[in-house]
Amino acid sequence: MRTRARHEIRIVARRVTGFLCADLTSHQGRRTIHISTSHTTRPVPSVKVVGGSASVPLARGIAHEISVGFVDVAFEKHPGGFPDGERYVRLLGPVSGEHVVLVQTTHPDPMIVEFFLLADAIRDAGARRLTAVVPYFGYGRQDKRFLDGEAVSAKTIAKHIAVDCDELLTMAIPANPEILKTFPLPTREVSGMPAIGRYLKSAKVDVLLAPDQGALRLAKEASSVAGVPFDFLVKKRIDSYTVKIEPKALDVRGKSVGIVDDVISTGGTIATAAKELKAQGARRVIAACVHGLFVGPAEANLKACDDVIATDTVLSPHTKVSVAPEFAAAIRALK
Ligand code: R5P
């Protein structure tokens, strides 16, 4: 209740002072972001970008793309940080009266706390509008209550983002994107497929493959950018570490194939698909994902692939593609 009241007070305060720039309208009881479709190269007026420690390179990239200032943040009060691992943030530049874009992936868990500390500090420093860019939305997987008493964790995180933020941009949420419509602030999913499609085009793949039906829309979009056809497999998940793929003949003999997925976590999905492709005669297999978590046995699993690429939504040694242009276009399109 306290949280909601604080959010509403901030929205009202900004409305009263005429500072609420987001075009919020009610649609069947939900608020939606209205965006324009024109992408230009002009600087976005009076915007500053702040990056949380999970997303500094991407935040800098976004600031560069939209030609606006970047506000540095200190993440340690003293070298080595707090002995108990608690987070610390301090804005090192002014944001009073500005439209601030806060870029921070909410994974792993301490990065969620850092997001809230930064959002609060930005508001206390007098920002007039705060756009949350959450490149990888940690806790996005649980988009419904499967058993009584469970938290719908995607909505829980969104509810707390809404305390200080006016709108949310995120990418490839690892759940049914319909969940975004239930969030208590205007939310838009930005696609990372143009960036992945561009990389796979330059890597000269012959065909793209979705490792399951959930990734079909991603492979379809990336294929239109890469200018190659796509196919898909049907996956059955046995448990968190084990997947099975239904037998299917693919036209991949002698070809270079790109596998496209939203997330690589344990690498089980990609490894199973890659082995099937190699068994059917694929010459080369490149695994591409938006969010590379690479947990547990991932590195061993990914040896089944000739190359692995991930975007900068989550930083890892496989980060080879930036989605800064995609988020920059979405920020430019905000009303
Ligand atoms: C779920 O179906 C997602 O699209 C990914 O395929 C999944 O999260 C990948 O997980 P893992 O790498 O552990 O197989």
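Any value given below was found using the heavy atoms of this structure, including those in side chains, with hydrogens, waters and symmetry copies removed. When a ligand or atom number is given, it counts from 1 through the structure's own listing order.
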- Task: Measure the distance from atom 14 (O) of ligand 1 to every protein heavy atom, then report the residue, atom name and distance (to 0.1 Å) of the closest one.
- Result: T269 OG1, 2.6 Å

- Message: Please list the nearest protein heavy atom to atom 10 (O) of ligand 1 with its residue and the distance rounded to 0.1 Å.
- Response: R237 NH2, 3.4 Å

- Query: Does R283 come within less than 4.0 Å of D306, counting only side-chain N to carboxylate O?
  - Reply: no

- Query: Cut-off 3.5 Å, side chains only: do S322 and D312 have a donor facing an acceptor?
  - Reply: yes

- Task: For the residue pair T131 and H99, confirm or rule out a side-chain donor-acceptor distance under 3.5 Å.
- Result: yes

- Message: For D72, is there an ion pair with R60 - N to carboxylate O distance below 4.0 angstrom?
- Response: yes

- Query: Is it true that D261 lies under 4.0 Å from ligand 1, counting heavy atoms only?
  - Reply: yes

- Task: Can you sort out which atoms of ligand 1 are near I264, meaning under 4.0 Å from one of its heavy atoms?
- Result: 12 (O)

- Note on the structure: The answer for which part of V295 has a heavy atom under 4.0 Å from ligand 1 is neither

- Message: Just to confirm my output: which protein heavy-atom neighbour is closest to atom 9 (C) of ligand 1, and how far is it?
- Response: V263 O, 3.4 Å

- Message: Show the atoms of ligand 1 that are less than 4.0 angstrom away from any heavy atom in K235.
- Response: 1 (C), 2 (O), 6 (O)

- Query: Is R188 salt-bridged to E167, going by a charged N under 4.0 Å from an acidic O?
  - Reply: no

- Query: Does R87 come within less than 4.0 Å of D109, counting only side-chain N to carboxylate O?
  - Reply: no

- Query: Are the charged groups of E86 and K77 less than 4.0 angstrom apart, N to O?
  - Reply: no

- Item | Electrostatic pair K235-D212, nearest N-O below 4.0 angstrom | yes

- Less than 4.0 Å between a side-chain N and a carboxylate O, is that true for E98 and K48? yes

- Message: So, 4.0 Å and heavy atoms of A215: is ligand 1 close enough to count as a contact?
- Response: no

- Message: Counting only heavy atoms closer than 4.0 Å, does ligand 1 sit against the backbone of R141, its side chain, both, or neither?
- Response: side chain

- Query: Counting heavy atoms only, which part of D262 comes closer than 4.0 Å to ligand 1: side chain, backbone, both or neither?
  - Reply: side chain

- Any N or O of S240 that comes nearer than 3.5 Å to an N or O of ligand 1? no

- Message: Counting only nitrogen or oxygen atoms and a 3.5 angstrom limit, does G267 reach ligand 1?
- Response: yes

- Query: Closest non-hydrogen protein atom to atom 13 (O) of ligand 1, residue and atom name please, with distance?
  - Reply: T266 OG1, 2.6 Å

